[in-house]
A.B. asks: 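This structure is in structure tokens; I'll ask about it shortly.
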Amino acid sequence: AKQSLIGTLIFVSIYTVGGGALRGILTGTYPLFFIHQPVYIYTILIITLIVFTVSNIYRYIFSIDRNHYMFQFFHSTCIGIQRLYLKYIYDIIDSIGLAAFVVFGVIAALEVNAYPLILWGPILAMVTTSGGGIICNILQTRKFDKTMKNMYTEISALWGCVLSVLLSQVARDAVTDIIIIAVPI
């Protein structure tokens with residue numbers, strides 16, 4: 001659907017930093033991370049501007065002449081890039097991001113001394129990974145449709161639980177070297 005640049009920026013910002021912001025509100029961590037580290041907002045702004053501009057150029061070219069050789073070349077190149085991206089790159093980047101957000105959620109529970117960690121670690125991992133998407137779905141009145149179709153929440157809860165148990169064991173045994181192994185796993 002067509003969206004204005006400002007509308008796009010608002011929803012992209014909520015989607016990307018919403019989970020972390022919600023986690024910060026729940027843990028009472030102020031100011032929120034993106035307030036004192038504006039690199040997040042700058043990154044969102046730049047990437048959104050690039051994608052918005054490219055998609056509008058593509059839409060403009062598509063509306064002019066679909067049979068023009070430049071359009072055919074541009075279209076086939078875009079389709080090839082999209083297939084490569086969707087087949088490999090998206091899944092890899094998405095998995096790395098999901099894993100990082102799970103770690104951020106559990107670490108946030110540790111930072112505020114949430115007890116028991118086995119409860120709050122997975123909850124904050126879920127909030128961090130899925131909170132922004134849920135807020136966007138509510139604002140767009142989609143009633144959790146996208147968030148409920150994928151397994152982000154379940155995966156983040158499972159790995160948040162595993163990491164919480166591992167970190168609880170490390171804290172009990174006072175073996176800090178294991179944290180270096182536990183977090184990447």
A.B. asks: How long is the straight-line distance from CD1 of I50 back to CG of L45, given to the nearest 0.5 Å?
C.D. replies: 9.5 Å

A.B. asks: Considering only heavy atoms from C-beta outward, does the side chain of I92 approach that of I96 to under 4.5 Å?
C.D. replies: yes

A.B. asks: Give the cluster check for F33 versus L26: same hydrophobic cluster or not, with ILVMFWY residues linked at side-chain heavy-atom distances below 4.5 Å.
C.D. replies: no

A.B. asks: For a quick test of reading the model, state the closest non-hydrogen atom pair linking D91 to S95 and the distance between them.
C.D. replies: O-OG, 2.8 Å

A.B. asks: Treating Ile, Leu, Val, Met, Phe, Trp and Tyr as nodes and any side-chain heavy-atom pair under 4.5 angstrom as an edge, say whether I6 and F34 lie in one connected cluster.
C.D. replies: no

A.B. asks: Among T53, N56, L49, whose side-chain contact (heavy atoms from CB on, under 4.5 Å) with L5 holds?
C.D. replies: L49

A.B. asks: With heavy-atom distances below 4.5 Å as the criterion, would you say the side chains of W159 and V162 are in contact?
C.D. replies: yes

A.B. asks: Please report the shortest heavy-atom distance between V102 and G160, naming the atom on each side.
C.D. replies: CG1-N, 3.6 Å

A.B. asks: Please determine whether side-chain contact (heavy atoms from CB on, under 4.5 Å) holds for the pair D94 and L98, giving the CA-CA distance in whole Å, both sets of side-chain angles, and the decisive distance to 0.1 Å.
C.D. replies: CA-CA 6 Å; D94 196 41; L98 181 62; 5.6 Å; no

A.B. asks: Do S130 and T153 have side-chain N/O donor and acceptor atoms under 3.5 Å apart?
C.D. replies: yes

A.B. asks: Taking all atoms of both residues into account, what is the closest heavy-atom pair of I44 and L9, and its distance?
C.D. replies: O-CD2, 4.4 Å

A.B. asks: Mind checking the CD1-OG1 spacing from I107 to T128? Nearest 0.5 Å is all I need.
C.D. replies: 11.0 Å

A.B. asks: Counting heavy atoms not belonging to F104, are there more than 12 under 6.0 Å from its CZ?
C.D. replies: no

A.B. asks: Looking at every non-hydrogen atom in both residues, tell me the closest pair between L117 and A109 and how far apart they are.
C.D. replies: CD1-CB, 3.7 Å

A.B. asks: I need the L124 CG to L22 CG distance, nearest 0.5 Å.
C.D. replies: 9.5 Å

A.B. asks: Between the main-chain N or O of S13 and the side-chain N or O of T16, is there a donor-acceptor pair closer than 3.5 Å?
C.D. replies: yes

A.B. asks: Taking OH in Y30 as the centre, count heavy atoms belonging to other residues, nucleotides or ligands within less than 6.0 Å. Is the count above 12?
C.D. replies: yes

A.B. asks: Indicate yes or no: at least one non-hydrogen side-chain atom of L32 is less than 4.5 angstrom from one of I25.
C.D. replies: yes

A.B. asks: Are side-chain heavy atoms of W120 and T27 found at a separation under 4.5 Å?
C.D. replies: no

A.B. asks: Of all the heavy-atom pairs spanning G121 and V106, show the shortest one and how long it is.
C.D. replies: O-CG2, 3.7 Å

A.B. asks: Measure across M126 and A157 and return the closest heavy-atom pair with its distance rounded to 0.1 Å.
C.D. replies: SD-CB, 3.4 Å

